[in-house]
Amino acid sequence: MARKATTIVLKFGGSSVANSECIERISKIAIRESKEHNVIVVTSAMGKTTNQLIDLANQVCPGCDGRELDMLLATGELVSISLAAMAIQKLGHPAVSLTGWQAGFVTESSHNKARIAEIKCDRINKHLELGEIVVVAGFQGITEDGEVTTLGRGGSDTSAVALASAFKADRCDIYTDVKGVYTTDPRVVKEATKLDHISFEEMIELASLGAKVLHPRSVELAKKYNIDLRVRSSFKPENKGTEVISLQRMKDMELTKAVTGVALDTKQAKIAIISVADRPGIASKVFGELGKNKINVDMIIQSVPRDGINDIAFTVPREDMETAKAVCEEILKDIEGSKVEADDGIAKVSIVGAGMLNRPGVASTLFETLSQAGINIQMISTSEIKISCLIDEADATKAVQVIHDAFELEKSSEPIIV
Ligand code: ADP
Ligand code: ASP
Ligand code: MG
């Protein structure tokens, strides 16, 4: 079997390789595509394996992270690649499985959230020359010093897009457990509509704001290298799915609505520093210390000063809440604050749409909708194509539902999940 002129990358997420039946299904997809193209398959760990490995780690050593966690998490993908290669071989097509490091993924050294520095293509090329389907473990790589790293939760999408770029692939298909990208999480709002197209810019926002269907870094990479990126269902591979395309192509086609999608993030926490001095240098001290501790801060508000004092509140990833609180408490004296409060019962709900540019009234519709539903807004942040509101976590599902209704996103709803 000789090498073909074109290459495609097919990525299968955890639920697409959850059991032997699923693995056989995805093997057939790979073999079908191999009639026309060289095929590189990327798999995630089977089902909920990564969560189970994290639970195990926490039983042995609560809160542990770094090198040993990477050693453990990287094992998940090794199970699925070898099984997938066996299944493909059994169906009569040559295949080989490769770990991230065998496949040439070199990453930076930060454990648990490493970025890909380079992909050395020789090993994969050698197997493609032999006409083999190459099954690569997603989510992992190795540093120049030979240390195993992982790319952050959901990172297999990024492995796939990086391979598509390195091998100048014609297409990168991200196969998952829904039929494509929807106007919101179809498991939260059953009237959610599947989108035929979405722009890179909107998809980056939706993914960063909590829509788990694509890893945000995978969309950034696809935009940078202009990769033909599609999201489709491994259970219904005949369906077209969603194409992620340039904003310009999108504008030419169908940019008719102000809002394209609604995202929900329930993995944030709020920190409030009460009664700090209203003078220069306070914010830089607070956020400087948080930065030194590698804590990512998202939404920030500072209240209007009264009698020379004000309050500063911000959000951080939920897993960093205790550290962020401790960091703020440590500098409380220097900033003349009275106390630090932490709240992990919050959620961030966001609307995203390139169509909201130059369209007044979108923010007011959002606020009015939440107010009519009796949902209090604790913080607001905006950019050109998104508006986010921080609300009580107990109101999260209701908020997504009413916002989805208010912006009429359910119009052409079709049955969603597989
Ligand atoms: P995989 O294991 O295939 O990587 P993920 O669980 O990471 O799959 O992502 C798919 C899930 O993303 C869906 O099952 C769905 O619940 C969720 N999701 C959240 N927002 C959206 C959205 N806007 N469109 C489609 N799916 C979404
Ligand atoms: N298995 C990893 C995770 O669950 C990577 C991925 O699925 O993309 O986060
Ligand atoms: Mg995923």
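As the structure lists them, so they are numbered: ligands from 1, and atoms in each ligand from 1. Note that the coordinates shown come from a computational prediction; the quantities given were computed from them, not determined experimentally. Quick note: numbers below take in every heavy atom, side chains included, and nothing from hydrogens, waters or symmetry partners.
Atom NZ of Lys90 has 12 or fewer neighbouring heavy atoms from other residues, nucleotides or ligands inside a 6.0 Å radius.
Between Lys270 and Glu341 the shortest side-chain heavy-atom distance does not fall below 4.5 Å. For the pair Ile174/Cys172, a side-chain contact is recorded, criterion being any heavy-atom separation below 4.5 Å from C-beta on. In this structure the side chain of Leu206 reaches within 4.5 angstrom of the side chain of Ile198, judged on heavy atoms. Two residues are said to be in side-chain contact when any heavy atoms from C-beta on lie closer than 4.5 Å; Thr242 and Val213 fail this criterion.
Close contacts between ligand 2 and Ser44 involve ligand atoms 6 (C), 7 (O), 8 (O) [criterion: under 4.0 Å to a heavy atom]. Close approach of ligand 2 to Arg153 (heavy-atom distance below 4.0 Å) involves ligand atoms 3 (C), 4 (O), 9 (O). Close contacts between ligand 1 and Ala211 involve ligand atoms 19 (C), 20 (N) [criterion: under 4.0 Å to a heavy atom]. Using a 4.0 Å cut-off to heavy atoms of Tyr182, the atoms of ligand 1 that qualify are 22 (C), 23 (N), 24 (N), 25 (C). Numbered from 1 in the order shown, with element, the atoms of ligand 1 that lie under 4.0 Å from a heavy atom of Thr184 read 22 (C), 23 (N). Close approach of ligand 1 to Lys11 (heavy-atom distance below 4.0 Å) involves ligand atoms 4 (O). Contact atoms of ligand 1 toward Gly13: 1 (P), 2 (O), 3 (O), 4 (O) (distance under 4.0 Å to a heavy atom of the residue).
Looking at Ile174, Thr183, Asp185, it is Asp185 that brings a heavy atom closest to atom 18 (N) of ligand 1. Of the candidates Glu77, Lys212, Met46, it is Glu77 that places a heavy atom closest to atom 1 (N) of ligand 2.
Between Phe12 and Tyr175, the ring-plane angle classifies as parallel under the 30° and 60° cut-offs.
Looking only at protein heavy atoms, the nearest one to atom 12 (O) of ligand 1 is Val213 N, 3.5 Å. In this structure, the protein non-hydrogen atom closest to atom 2 (O) of ligand 1 is Gly14 N, 3.1 Å. When hydrogens are left out, the protein atom nearest atom 6 (O) of ligand 1 is Lys212 NZ, 2.9 Å; that is the closest non-hydrogen contact. From the protein, the heavy atom lying nearest to atom 25 (C) of ligand 1 is Gly180 O, 3.4 Å. The protein heavy atom nearest to atom 13 (C) of ligand 1 is Asp177 OD1, 3.5 Å.
A donor and an acceptor atom, one from each side chain of Ser15 and Asp177, are located under 3.5 Å apart. Between the side chains of Asp70 and Thr150, a donor-acceptor pair is found at a separation under 3.5 Å. Side-chain contact annotation: Arg153 with Asn51, donor-acceptor N/O pair under 3.5 Å present.
Of the polar atoms of Ser16, none of the N or O atoms is found under 3.5 Å from an N or O of ligand 1, judged by distance alone. Inclusion of Thr176 in the set of residues having an N or O under 3.5 Å from an N or O of ligand 1 is warranted. In terms of polar-atom proximity, Val181 is not counted as a contact of ligand 1, lacking any N or O under 3.5 Å from an N or O of the ligand. Looking at ligand 2, you'll find an N or O of Ser156 within less than 3.5 Å of one of its N or O atoms. Between Asp157 and ligand 1, a contact under 3.5 Å exists for no N or O pair. Note: an N/O pair closer than 3.5 Å links Thr50 and ligand 2 by distance alone.
Within the 4.0 Å heavy-atom shell around ligand 1 one does not find Gly261. For Gly155, the heavy-atom gap to ligand 2 drops under 4.0 angstrom. Between His215 and ligand 1 there is no heavy-atom distance shorter than 4.0 Å. Under a 4.0 angstrom heavy-atom cut-off, Gly154 registers as being in contact with ligand 2.
Here Glu220 does not pair with Lys224 in a salt bridge; the nearest charged N to carboxylate O distance is not below 4.0 Å. Using a cut-off of 4.0 Å between Lys/Arg side-chain N and Asp/Glu carboxylate O, Arg318 and Asp344 are scored as not salt-bridged. The pair Lys267-Glu319 does not meet the salt-bridge criterion, since no charged nitrogen lies less than 4.0 angstrom from a carboxylate oxygen.
In terms of heavy-atom proximity, Ile81 sits nearest to Ser97 at O-CB, 3.5 Å.
Contacts between Pro186 and ligand 1, counted as non-hydrogen atom pairs separated by less than 4.0 Å, involve the side chain only. When non-hydrogen atoms are compared, ligand 2 lies under 4.0 Å from neither the backbone nor the side chain of His215.
Between the side chain of Arg123 and the backbone N or O of Leu98, no donor-acceptor pair lies under 3.5 Å. Not one N or O on the side chain of Asn293 forms a donor-acceptor pair closer than 3.5 Å with the backbone of Ile295.
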